[in-house]
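Written out below as structure tokens is the structure these notes cover.
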There are 2 protein chains.
Amino acid sequence: MYSYRYPHPAVSTDIVIFTILDDRLQVLLIRRAAAPFRGAWALPGGFVEIDEDLEAGALRELEEETGIRDIYLEQLYTFGQPGRDPRERVITVAYYALVPFGQLGEIKAASDAAATAWHPLARLPKTAFDHDRIIETARRRLVAKLDYSTIALQFLPRRFSLGELQQVHEVITGEPLDKRNFRKRILGAGFLVDTGKVRRGNRCRPARLYRARSPGKLSYLR
Amino acid sequence: MYSYRYPHPAVSTDIVIFTILDDRLQVLLIRRAAAPFRGAWALPGGFVEIDEDLEAGALRELEEETGIRDIYLEQLYTFGQPGRDPRERVITVAYYALVPFGQLGEIKAASDAAATAWHPLARLPKTAFDHDRIIETARRRLVAKLDYSTIALQFLPRRFSLGELQQVHEVITGEPLDKRNFRKRILGAGFLVDTGKVRRGNRCRPARLYRARSPGKLSYLR
DNA sequence: CCAAAAGTGTTCACCGTACACCCATGA
DNA sequence: TCATGGGTGTACGGTGAACACTTTTGG
């Protein structure tokens, strides 16, 4: 009854990296340099090594293919339908993460990726494998977590204004929010701290800058 | 760059089956008939066949080992830490499901399971592998979904009384609920339909029986 | 001085919560 | 007749939603 008598599937990770750029929710794709789906856009990711933790494998592939490192991944879902990869049976464990806009200079096109680029979710190209389905699953998860978690903060740098945070919420949901209600709700929740600093120089009134109460931690609202 | 030059991990499924029995949340475990962890309690599950969908594999193993069939599984999480199985690298995709109490006569001990038994979550035995962690992850998911989904209905037969539904909620959360508020909230949500039938013979006033508005479907509250 | 984003309170409707008694039945 | 769960309404406080004007700066 031991398993290694039977053929094993390949196991890979795929990573959905979201950012907000030009007032749109965007996802990072790489152009595949090799078959199958050569030339098609695909999620960063790759095969897990035999003694490597799943999340570690995802982080490694992400850094190899995009240069992005030191971010917090959350497991999304595992896609294992036979036939989703034409080469062989591949089961992929999908992760997702959110990165701040304005730190895009670092994205590189690496080893086995011909190019990397941000794509607005509203206008995705045809993607390799079932990656469009993975992206849609990640989008739904993101929207669902938006109003019971502090997930939106991950789109912002360490210090940010309330206007920026509101804009993140508006871009993700597509719905405009009332400024006074938003501020009351967010500040009342108590997970933001006024840093005492302001941002000036925007040809308008300076904005107070806030930070998360426990930086780096994912704390929940209630 | 093709993957099959590299060793592949084994992929298995594990299934956390909850029920409510004796006013306690319980989980179905099998006693392992083979090494490793021979004689220890473990979740039903097993290796995925090379051309088999993940959920189909989970359903097959569940039926083989317990006789349970025709239930709705939901994917829980994928556990892949190296070393979690002493034989070789095994990545397991965990599923969970809820079955009605009072249908337990069918549970069998099958092929590679020496015995099957329900265990109250509050008093779990030592489990094989990392199955205690998988069970705890499933329990948290269940509690989290309780009040924004109709998941509790899955513990009940097609027709049920409001008292039974309230009891399900109380057992899962461990908190008592006010009867009038519970009924108001549940009936106001509009996913229950009065069947017109009653259940009598309990030495007390007969209870109206309800059913889900869309039987078999997982509809959400708001 | 003007454009642009920041900042600020009140009112109202609705919802969750607290709370106690009668009803229908089988034994 | 009595024990057992079934069934019902109201009052209150808190929370989310609607809504408009002043402030501060850079150009």
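First the proteins, then the strands, lettered A, B, ... as listed; each starts at 1.
If you measure from atom CG of Asn181(A) to atom C1' of dG7(C), you get 14 Å, rounded to the nearest angstrom. What separates CD1 of Ile186(A) from C1' of dA6(C) is a distance of 16 Å, to the nearest Å. Atoms CZ (Arg200(B)) and P (dG7(D)) sit 12 Å apart, rounded to a whole Å.
Counted by atom type alone, Ser12(A) and Thr92(A) present one or more donor-acceptor pairs between their side chains at under 3.5 Å.
Between Tyr210(A) and Phe160(A), a ring centre-to-centre spacing not shorter than 6.0 Å is recorded.
Regarding contacts with the backbone of dG7(D), a side-chain N or O of Arg183(B) is found under 4.0 angstrom from either OP1 or OP2. Taking side-chain N and O atoms only, Arg205(A) has no distance below 4.0 Å to OP1 or OP2 of dG7(C).
Of the listed residues (Leu62(A), Leu29(A), Val27(A)), just one forms a side-chain contact (heavy atoms from CB on, under 4.5 Å) with Ile17(A), and that residue is Leu62(A).
Place Asn202(A) and Lys184(A) on DNA chain C by their nearest nucleotides, and Asn202(A) ends up nearer the 5' end.
At a cut-off of 3.5 angstrom, counting only N and O atoms as typed in the model, there is a donor on one side and an acceptor on the other between the side-chain of Lys179(B) and the base of dG7(D).
Annotation: salt bridge (Lys or Arg N to Asp or Glu O under 4.0 Å) contacts involving residues 121-135 of chain A, sequence neighbours excluded, comprise Arg84(A)-Asp130(A).
Between the side chain of Arg213(B) and the main chain of Gly190(B), a donor-acceptor pair closer than 3.5 Å is present. No donor-acceptor pair closer than 3.5 Å links the side chain of Glu61(B) to the backbone N or O of Thr13(B).
Residue Arg203(B) has its side chain nearest to dA27(C) when only dA27(C), dT24(D), dC19(D) are considered.
In this structure, the helix from dC1(C)-dG27(D) to dA27(C)-dT1(D) shows an angle of 10° between the axis at its start and the axis at its end, each fitted on 5 base pairs and rounded to 10°.
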